**Student:** 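Got a structure for you, written out below as structure tokens; questions coming shortly.
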Amino acid sequence: MALEERQQLGRNPNWMSRLPAELLDIPLWNLAIPGSHDSMSFCLDVSSPVLRSEPCLLRVIDRLFPCWTRPCISRWATTQQSVLSDQCDLGIRFLDLRIARKPTGVGELLFAHGIYTLTTVKEALYELAAWLDAHPKEIVIISCSHFESLTDIDHVHLVEFIITFFGNKLCSSQETPTLRSCWSRCQQLVVSYDDQQMVLQHPELWKGIPYWYADSPDPKKVIAYLEEQKHRGRPAGFYVSGLNLTEDVPYVLLHPFQNMRKMTMRSLSLLLRWASEQRPGLRASGGVNVLCCDFVGASHFCSLVISLNYISFCR
């Protein structure tokens, strides 16, 4: 299928398997890869408490007026609208998974962004595994991070589950993964785990992947930050350029009838224009690797990032 046709359809379930042969033997961190920021935020639970890591004042207000705080947090913390398999069908190959346990310490591990999710970690990984089985030549990177209220035992159990459940699909951090090398070993999953102790104990895990994050609601400031980081030089290995905006309390107070989607859509054309000017790989100055965005199904973001690989190859 031609690149133009894929862009019109907005779906790219097998884009890695269709890359030019010249790109099959370069490290995955020299490809342009679409990613979703806060990938599990599509299923936030408005009945759940606010995270302990949130500001004290917000937690106090939540105890007094939960019917107001939690819907408000959900409006601003929801950054995706599609389940994981649909995100992967769009072309997403980097998933930002922020893992948490509720303060009670009872029940399954969840995800969180301001508040907790309805979907458990195991349910999400089961869904991802089924998608990988259906697309044997696609490789996905998952970034496990934050670990709100997890204990050492929680980490041990979670890592054991990941290693046992995915088995030979895991790409070891001792290797330099390329598409061809992953295909030859039937490897489909890179697991970044942002806990040094676990990474040191398990060669199947990769260290936390750097995420360039501007922490601003202004798209011009986001772009300026990313340009500044580029001039400093890209990290070795995998890294993420975040095209996502961030609201702060003053912004929310000044825009009471907006939400994260409205803020994102208003700025998306500027952010995507910057993305379209980037090039992957070491040959490009400040070459991009993973680009993460909010509401990945609301634009041609995935097709645009994938197309950077073709532009780079044709030059």
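If you read the sequence from its start, that first residue is 1, and numbering goes on from there. Since we're looking at a predicted model, the values are computed, not measured.
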**Student:** Can you confirm whether Asp133 sits close enough to Lys169 that some side-chain heavy atom of one is under 4.5 Å from a side-chain heavy atom of the other?
**Tutor:**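 Answer yes - side chains close enough.
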**Student:** Between the side chains of Trp131 and Glu138, is a donor N or O closer than 3.5 angstrom to an acceptor N or O?
**Tutor:**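 No, no side-chain donor-acceptor contact under 3.5 Å.
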**Student:** Is there a donor-acceptor pair under 3.5 Å between the side chain of Gln80 and the backbone N or O of Cys293?
**Tutor:**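 Here the side-chain-to-backbone pair exists.
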**Student:** Are the side chains of Glu108 and Glu123 in touch, meaning some heavy atoms are under 4.5 Å apart?
**Tutor:**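 The answer is no; the side chains never approach within 4.5 Å.
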**Student:** Judged by atom type as modelled, is there a donor-acceptor pair below 3.5 Å linking the side chain of Glu127 to the main-chain atoms of Ser85?
**Tutor:**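 Present.
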**Student:** Does Ile115 reach the side chain of Asp62, with side-chain heavy atoms less than 4.5 Å apart?
**Tutor:**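 No. Closest side-chain heavy atoms not under 4.5 Å.
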**Student:** Does Leu308 reach the side chain of Arg279, with side-chain heavy atoms less than 4.5 Å apart?
**Tutor:**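 Sidechains of Arg279 and Leu308: in contact.
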**Student:** Could you tell me if the side chain of Phe301 sits less than 4.5 Å from the side chain of Leu268, heavy atoms only?
**Tutor:**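 In short, these two side chains do not touch, never coming nearer than 4.5 Å.
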**Student:** Enumerate the side chain to side chain donor-acceptor pair (under 3.5 Å) contacts for residues 38-57, please, sequence neighbours excluded, ordered by first and then second residue.
**Tutor:**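 Matches after skipping sequence neighbours: Ser36-Ser39, Asp38-Arg98, Asp38-His113, Ser41-Thr79, Asp45-Ser47, Ser53-Glu148.
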**Student:** Any sub-3.5 Å donor-acceptor pair from Gln188's side-chain atoms to His135's backbone N or O?
**Tutor:**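 Judged by distance alone, yes, a pair lies under 3.5 Å.
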**Student:** Report yes if the side chains of Val121 and Phe111 come closer than 4.5 Å at any heavy-atom pair, otherwise no.
**Tutor:**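 Yes, side chains in contact.
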**Student:** Quick one: do Arg273 and Glu277 make a salt bridge, cutoff under 4.0 Å?
**Tutor:**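 The answer is no: the pair does not qualify as a salt bridge.
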**Student:** Sequence neighbours left out, what pairs pass ring-ring contact (aromatic ring centres under 6.0 Å, His included) with at least one residue falling in residues 170-199?
**Tutor:**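 Every pair satisfying ring-ring contact (aromatic ring centres under 6.0 Å, His included) with a residue in residues 170-199: Phe147-Tyr193, His155-Tyr193.
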**Student:** Tell me whether Trp15 contacts the main-chain N or O of Gly91 through its side chain, where contact means a donor paired with an acceptor under 3.5 Å.
**Tutor:**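 Checked: pair present.
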**Student:** Can you check whether Leu243's main-chain N or O pairs, donor with acceptor, with Trp274's side chain at less than 3.5 Å?
**Tutor:**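 No.
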**Student:** With side chains defined as the heavy atoms from C-beta onward, is the minimum distance between Val191 and Glu204 less than 4.5 Å?
**Tutor:**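 In short, these two side chains do not touch, never coming nearer than 4.5 Å.
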**Student:** For Ala32, is there any backbone N or O sitting under 3.5 Å from a side-chain donor or acceptor partner on Asn309?
**Tutor:**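 Side chain of Asn309 to backbone of Ala32, a donor-acceptor pair under 3.5 Å: yes, one is there.
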**Student:** For the residue pair Tyr213 and Tyr211, does the interplanar ring angle fall in the parallel (under 30°), tilted (30 to 60°) or perpendicular (over 60°) class?
**Tutor:**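 Perpendicular.
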**Student:** Compute whether any side-chain donor of one residue and acceptor of the other, for Ser143 and Asp194, lie under 3.5 angstrom apart.
**Tutor:**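 The criterion, which ignores hydrogens and geometry beyond distance, is not satisfied for Asp194 and Ser143.
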**Student:** Looking only at heavy atoms, what is the nearest atom pair of Pro71 and Val46, with distance?
**Tutor:**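 Closest pair (atom of Pro71, atom of Val46, distance): CA-CG1, 4.4 Å.
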